[in-house]
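Below, each value reflects all heavy atoms present in this structure, side chains not excepted, and no hydrogens, waters or symmetry copies.
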Amino acid sequence: MNRNEEQKLATLSPFEVKDTLMRLADENNSHTMINAGRGNPNWLATVPRDAFFHLGLFALQESKATYSTYPGFGGMSEKDNISTRFLSFCEDHEHD
């Protein structure tokens, strides 16, 4: 695709851009393209989402533990023994 063709894309609607990109992908099949469909799915993978949110809760707990000067703010976690604290957090929240 040359620069002139790229500039033409700027005048297209989002759906026309998608169609153009799909056509280009079909023409250049040296790379695999995954079609995730249109829009958001009406489902979600709960196990990885749950793990992600628990990791975030651990990060918040760590941040709050290192910076308590002002309510609502946190600091950087202490690196020493963080894996031990994480394993302890996981044990404490195993059935959440």
Smallest heavy-atom separation, Asn2 atom then Asn4 atom, equals OD1-N, 3.0 Å
Checking His54 against Phe58 for the side-chain contact (heavy atoms from CB on, under 4.5 Å) test, could you report, in this order, the C-alpha distance in whole Å, the side-chain angles of both residues, the deciding distance, and whether it holds?
CA-CA 6 Å; His54 273 81; Phe58 172 71; over 6 Å; no
Once rounded to the nearest 0.5 Å, what's the spacing between atom OG1 of Thr20 and atom CD of Glu16?
7.0 Å
Verify same cluster id: Leu60, Phe86 (apolar side-chain graph, 4.5 Å)
no
Has the side chain of Ser88 got a donor or acceptor atom that lies under 3.5 Å from a matching backbone atom of Thr84?
no
Mind listing the closest non-hydrogen atom pair of Asp96 and Asp50 along with its distance?
O-OD2, 4.2 Å
Tell me whether the count of non-hydrogen atoms from other residues, nucleotides or ligands lying under 6.0 Å of CZ in Arg49 goes above 12.
no
Glu78 atom CD, over 12 foreign heavy atoms within 6.0 Å
no
Provide the closest heavy-atom pair for Ser77 versus Ser63 in the form atom of the first, atom of the second, distance.
OG-N, 4.2 Å
Path from Leu55 to Leu57 over hydrophobic side-chain contacts below 4.5 Å
yes
For the atom pair CG (Leu87) and CD1 (Ile82), what is the distance rounded to the nearest 0.5 Å?
11.0 Å
